[in-house]
Protein chains: 2
Amino acid sequence: MNGKAMGQATIRDVAREAGASVASVSRVFNRLPNVRPELKERVEAAARKLNYIPHAGARNLSMARTGVIGVVLPDLHGEFFSEILRGMEREAAMRGRHLLLSNMHMGLGDGVEALRNMRGRVDGLIVMAPHIAPDLLFAHLPASIPAILLNGPENRQGRPELRIDNAAGARTMVDHLVATGRRAIVHIAGSQGNIEAAERARGYSEAMIAAGLSPMILPGNFDEESGHLAVQRLQTQHVEVDAIFAANDMMAIGALVALRDLGVDVPGQIAVAGFDNIPLARLISPGLTTMAVDIADLGARAVNRLSAVIDGENVPQTELRYPSLIVRNSTTHTAA
Amino acid sequence: MNGKAMGQATIRDVAREAGASVASVSRVFNRLPNVRPELKERVEAAARKLNYIPHAGARNLSMARTGVIGVVLPDLHGEFFSEILRGMEREAAMRGRHLLLSNMHMGLGDGVEALRNMRGRVDGLIVMAPHIAPDLLFAHLPASIPAILLNGPENRQGRPELRIDNAAGARTMVDHLVATGRRAIVHIAGSQGNIEAAERARGYSEAMIAAGLSPMILPGNFDEESGHLAVQRLQTQHVEVDAIFAANDMMAIGALVALRDLGVDVPGQIAVAGFDNIPLARLISPGLTTMAVDIADLGARAVNRLSAVIDGENVPQTELRYPSLIVRNSTTHTAA
DNA sequence: ATCCATCTTGTAACCGGTTACAAGAAACCG
DNA sequence: CGGTTTCTTGTAACCGGTTACAAGATGGAT
């Protein structure tokens, strides 16, 4: 039927069909007011007839704006990953933006490379890299591309950052344990080299010392097995403790299960606490006392702030989010 | 320093700086072999000096290829969402592609609109829409954009689809329950209008009838509370059952907890089974018998097949994945 | 030295939109 | 009715890459 080969119709095809100019077609599709109704209808009819769909890529190029936010995440575990994305997605959709995913399970070299070829694909980046120095990361990135750093170490590139105050959260938890009578509180740390893990350990140590107690830290990996192993180690080395504070919930659950297998009463003999408040924490028995981080909110906020930066607004350089204490039965019998 | 205003350097800037043509710069960056080493170095030096980063959007436009796969998902719950994305991401990264996220928590009208303005943004689409007729969905989409349908109802647009055989999975579970001596097996259904829910219910009914038993279906919503409510309903109406088969794990867990609160022995008095094998299923006590769907694999496969379609290869029209039975203590005492 | 094949390089058109600018039409005014 | 303002419309340049094609350079064979 058509003179040309087929393919998708372009704006010029529509213009020809409607007997109008490309400028007018563009105006119609962008709902600019200054188009005579008669012309508008002709254009719309032509577009319908050719089943014209605007080519977003071309639009992006000429407008130098894609409406896409690049999200660079490390290899996250289940809930955290889905929750943060859910939050980001909700906020992005509300602003008519899309999310471009790019995991970063690679070394720094590849990471920087990956960031670089986001140019022209996205309007800005949300980068979460808990084990890479952000200065190094951003140094290779043009200063012109907006980016916000999530839960990373501090950076000195003047990039805005958004962080959970992990140290404060850990202090709150230690305070809770001390307040409920615990003294020999051991901490199971998260993965080595992970910033959040380090911050939580730091908060723990600070609060212990402030309470006149001596810190004791066991290594861990953020996974369930770490919790298991930590309990085993405590047992074989005959270390007496009355509370275990794990750097995340999965490890706390591992510890909980290990203690249950050993017939140790929780919280009677030993209190157990975690960090993150994953859904599982509520469902397991006894319910796990933990620090709740509203992860979806964190994601939404990240998109929110990045959007502001993209739109040229001024945003504060650093924003901290405080986790809140959720007391359940793993530390006290009287909890809900 | 630079004559022009600043902004990012373009390929023409590099060409000028290197005293070469844009074609040569392009060749260098695309690693085409026919460039004299001396020129190549000059170009690379110039690019380094100007901190040139190729503009992916421009490249996409002129090559008519973005390297991006659009992913349209409904509002999924935790594990499912993260697992399927993890699988997709892994496979996409391996093929040097990116994922563009676009949730679809909207009506059909918006949905089609959302799909449409993916044109020029993505090379293809993975669409998961368990509650929208795909024929309607695809009818408004140009036939030229590759798309594959995930876990939807059958479509007659000749689009390739990838589905979990939910009915077969449900039959397998009923067979297991019957084989372990259960007779009064009740099914808690998933959300109304959801295709997967309907398929699971269908498989359940078929298998029950095949076993000479009468099906009995309670309504549900895929959430924990549905499980709770179902158990309550059974109790208040004094219905005697010896097995509960929920259309997903969350409802099964809700039922499990409700039964525990009532002091009913599982599996002694009532067996409980779910569907999906979420991580929680293993951790809860008793361990939940369920049908395991390798969700990450499903995601990876979807990307895999879509890539094939994009690359013009021929792919089979429909592919079914079979879930596998995981027996735990919620249906039999002798399990691992 | 001549001719031909091969390799390197540059020019310019193209991908499909947006938009500055100018020109023509319409409306308003005295 | 002429002049000015306002509104509508079209032309063409531009966004930043890729690539067909042609021209120039190089090298080998005779």
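Lettering of chains follows the sequences in order, A, B, ..., and the numbering in each one begins at 1.
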For A:S307, the option from A:N304, A:V303, A:I310 that meets side-chain contact (heavy atoms from CB on, under 4.5 Å): A:V303
Any idea which of D:dT9, D:dC15, C:dT19 is nearest the A:S62 side chain? D:dC15
C:dC14 P sits how many Å from B:I11 CD1, rounded? 19 Å
Is the number of heavy atoms from other residues, nucleotides or ligands within 6.0 Å of CD (A:E319) greater than 12? yes
Earlier contact from the 5' end, DNA chain D, for A:R12 and B:A58: A:R12
Using whole Å, report how far CG of A:L32 lies from C1' of D:dT9. 13 Å
To the nearest angstrom, how far is B:H55 atom NE2 from D:dC14 atom C1'? 13 Å
Phosphate-side-chain proximity, A:R27 and D:dT8, N/O vs OP1/OP2 below 4.0 Å: no
Rounded distance (Å) that lies between atom P of D:dT9 and atom CZ of A:R16: 20 Å
Quick check on D:dT8: is either OP1 or OP2 less than 4.0 Å from any side-chain nitrogen or oxygen of A:R36? no
According to a strict under-4.0 Å criterion, is A:S21 in side-chain N/O contact with OP1 or OP2 of D:dG10? yes
Axial bend angle, the helix from C:dA1-D:dT30 to C:dG30-D:dC1: five-pair end segments, nearest 10°: 50°
Regarding A:A23, tell me which of base, sugar-phosphate or nothing describes its non-hydrogen contacts under 4.0 Å with the strands shown. base
CG of A:L61 versus C1' of C:dT19: gap in Å, rounded? 14 Å
Base, sugar-phosphate, or nothing: which does A:A20 touch, judged by heavy atoms less than 4.0 Å apart? sugar-phosphate
Does this structure show an ion pair linking A:E89 with A:R86, if we count only N-O contacts that are shorter than 4.0 Å? no
Would you say A:R116 and B:N51 are linked by a side-chain donor-acceptor pair, where the criterion is simply a distance under 3.5 Å? yes
With sugar-phosphate meaning primed atoms plus P, OP1 and OP2, does A:Y52 contact a base, only sugar-phosphate, or nothing at under 4.0 Å between heavy atoms? sugar-phosphate
For A:R97, which of A:L306, A:V122, A:D123 qualifies under side-chain contact (heavy atoms from CB on, under 4.5 Å)? A:D123
What's B:V22 touching, base or sugar-phosphate or nothing? Going by heavy atoms closer than 4.0 Å. base
Quick one: A:E38 CD to D:dT9 P, roughly how many Å, whole number? 8 Å
Under 3.5 Å, is there a donor on one side chain and an acceptor on the other for A:R59 and B:N117? no
To the nearest Å, give me how far apart CD (B:Q8) and C1' (D:dG17) are. 14 Å
Under 4.0 Å between any heavy atoms, over every strand shown, what does A:N30 touch: base, sugar-phosphate, or nothing? Just pick one. sugar-phosphate
Any carboxylate oxygen within less than 4.0 angstrom of a Lys/Arg side-chain nitrogen, looking at A:R321 and A:D294? no
Give one of base, sugar-phosphate or nothing for B:R65, where a contact means two heavy atoms less than 4.0 Å apart. nothing
Taking it one step at a time, do A:F81 and B:F81 satisfy ring-ring contact (aromatic ring centres under 6.0 Å, His included)? CA-CA 9 Å; A:F81 181 75; B:F81 181 73; 7.3 Å; no
Does a nitrogen or oxygen in the side chain of B:S26 sit under 4.0 Å from OP1 or OP2 of D:dT18? yes
Whole-Å distance, B:K40 NZ to C:dT9 P, equals 12 Å
Please determine if a side-chain N or O atom of B:R119 lies less than 4.0 Å away from the OP1 or OP2 oxygen of C:dG17. yes
